[in-house]
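This report refers to the structure that appears directly beneath it.
Treat the numbers as computed from the prediction; the structure is a model and nothing was measured.
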Amino acid sequence: MACCVLQITGLIFGGVGMIGTLAATVMPQWRVSAHIDSNIVVFETTWEGLWMDCISHLGIRLQCKFYDSVLALPQPLEAFRALMCIAVILSIISFLLAIVGVKYTHRTKEDPQGISVFILAAGVAFLLTGILVLIPVSWTAGSIIHDFYDPKVPTPLKRELGAALYVGWMSAALLIAAGAMYCGFWCWADASAKSRYPSLSCHRSHKPDSAGGLSPSAHAYV
């Protein structure tokens, strides 16, 4: 029962992390304009994302524009795009592997080693996806904080952490938690399979050789 709850919880965490990864990828609120002037009346708010930048007028009118040229983008932004796209694809694959692993764990009992393959693959994929999400999100946050406290950067160019970064951090945490759950379950299932089915690990050592020769015990019997 506890193992079933662990698998379902990991599946929920992985699903929410997958949706959060997709949301963080398409959201334009990676960099948000910092209003640090003495004037409290702010008419425009600038958002900068991976694919577009937007300008919000008094929170009522929103204008967004996709970046014109891919080749004209900074190299870090191109790398962040690639990492987030890979993370989205890998999160979907991880979620599908987790579904297959949970499904066949309850249906197949005569081959526990075959069950654990799907669980292990899902766990490793979730962990890798979480790491891929952390790299661009944390790198962008570090760059924003560095520029904010740099006196050489003009005030209009200073930015704050956007909502997409927090969504990315939360998604990465959920994905890593899901991966840890499935990897932990695989370790438990593998140890349980060896204790309950010792013949699976000893079968290869008692298999006759491919040349058709008799085993040492057979020679002793003769």
Side-chain angles (χ1 to χ4, degrees), residues 5-36 42 45-56 59 62 64 66-67 73-99 119-150 153 157-186:
V5 173
L6 183 65
Q7 294 179 54
I8 298 300
T9 303
L11 189 63
I12 295 174
F13 282 7
V16 176
M18 176 187 66
I19 297 174
T21 301
L22 178 61
T25 303
V26 300
M27 288 175 64
Q29 296 97 331
W30 281 62
R31 297 172 177 264
V32 181
S33 57
H35 303 297
I36 55 180
V42 179
T45 301
T46 304
W47 298 343
E48 298 176 5
L50 298 178
W51 311 96
M52 67 182 75
D53 55 3
C54 301
I55 298 179
S56 175
L62 182 64
C64 295
F66 287 94
Y67 298 131
L73 295 176
Q75 292 184 354
L77 183 58
E78 295 180 1
F80 296 162
R81 278 184 172 187
L83 289 176
M84 292 303 295
C85 291
I86 295 174
V88 170
I89 297 174
L90 191 57
S91 64
I92 297 174
I93 296 175
S94 306
F95 187 70
L96 294 178
L97 287 174
I99 293 177
I119 297 296
L120 177 62
V124 173
F126 275 133
L127 290 175
L128 183 58
T129 305
I131 295 174
L132 289 178
V133 175
L134 275 179
I135 294 174
V137 171
S138 300
W139 193 295
T140 302
S143 176
I144 293 174
I145 295 174
H146 178 270
D147 292 342
F148 187 86
Y149 291 105
D150 189 357
V153 178
L157 298 181
K158 294 182 182 293
R159 297 292 182 262
E160 292 182 352
L161 304 180
L165 299 182
Y166 296 101
V167 173
W169 278 321
M170 183 61 65
S171 302
L174 292 175
L175 291 170
I176 292 175
M181 290 180 183
Y182 280 113
C183 289
F185 176 77
W186 174 80

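- Distance check: R81 CZ to I86 CD1 gives 14.0 Å after rounding to the nearest 0.5 Å.
- L83 contributes atom CG, which lies 11.5 Å from atom CG of L90 (distance to the nearest 0.5 angstrom).
- Here the shortest heavy-atom pairing between S91 and F126 reads O-CE2, 4.4 Å.
- The two atoms that bring L175 and G14 nearest to each other are CD2-O, 3.9 Å, heavy atoms only.
- Contact record, R31 with D147: NH1-OD2, 4.5 Å, taken as the closest heavy-atom pair.
- Residues T140 and L165 form a side-chain contact, since some pair of their non-hydrogen atoms from C-beta on lies under 4.5 Å apart.
- In terms of modelled atom types and a separation under 3.5 Å, the side chain of W30 and the main chain of A24 share a donor-acceptor contact.
- To the nearest 0.5 angstrom, W51 atom CH2 is 15.0 Å from C64 atom SG.
- Looking at Y182, its side chain never comes within 3.5 Å of a backbone N or O of L6 through a donor-acceptor pair.
- Here the CD1 atom belonging to I19 is positioned 7.5 Å from the CZ atom belonging to F95, to the nearest 0.5 angstrom.
- Counting all heavy atoms, side chain and backbone alike, L127 lies closest to A180 at CD2-N, 3.9 Å.
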Open item on the list: Quick one, S33 with E160, criterion side-chain contact (heavy atoms from CB on, under 4.5 Å). Give me CA distance, side-chain angles, the key distance, then yes/no.
Closed with: CA-CA 6 Å; S33 57; E160 292 182 352; over 6 Å; no
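- Separation of atoms CG (L161) and CD1 (I145) is listed at 5.0 Å; rounding is to 0.5 Å.
- A search for side-chain contact (heavy atoms from CB on, under 4.5 Å) contacts involving A87 returns T21, T129, L132, V133, not counting sequence neighbours.
- Looking only at side-chain heavy atoms (C-beta outward), Q7 and I119 come within less than 4.5 Å of each other.
- Minimum heavy-atom separation, A98 to L11: CB-CD1, 3.6 Å.
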Open item on the list: Under the criterion side-chain contact (heavy atoms from CB on, under 4.5 Å), I'd like the reasoning laid out for V167 against Q29: C-alpha separation, chi angles, the key distance, then a yes or no.
Closed with: CA-CA 10 Å; V167 173; Q29 296 97 331; over 6 Å; no
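- Atom OG of S171 and atom CG of L134 lie 10.0 Å apart (nearest 0.5 Å).
- For M52 against P28, the heavy-atom pair with the smallest separation is CG-CB, 4.0 Å.
- Residues R159 and S143 form no side-chain contact, since every pair of their non-hydrogen atoms from C-beta on lies 4.5 Å or further apart.
- F66 places none of its side-chain heavy atoms less than 4.5 Å from the side chain of D53.
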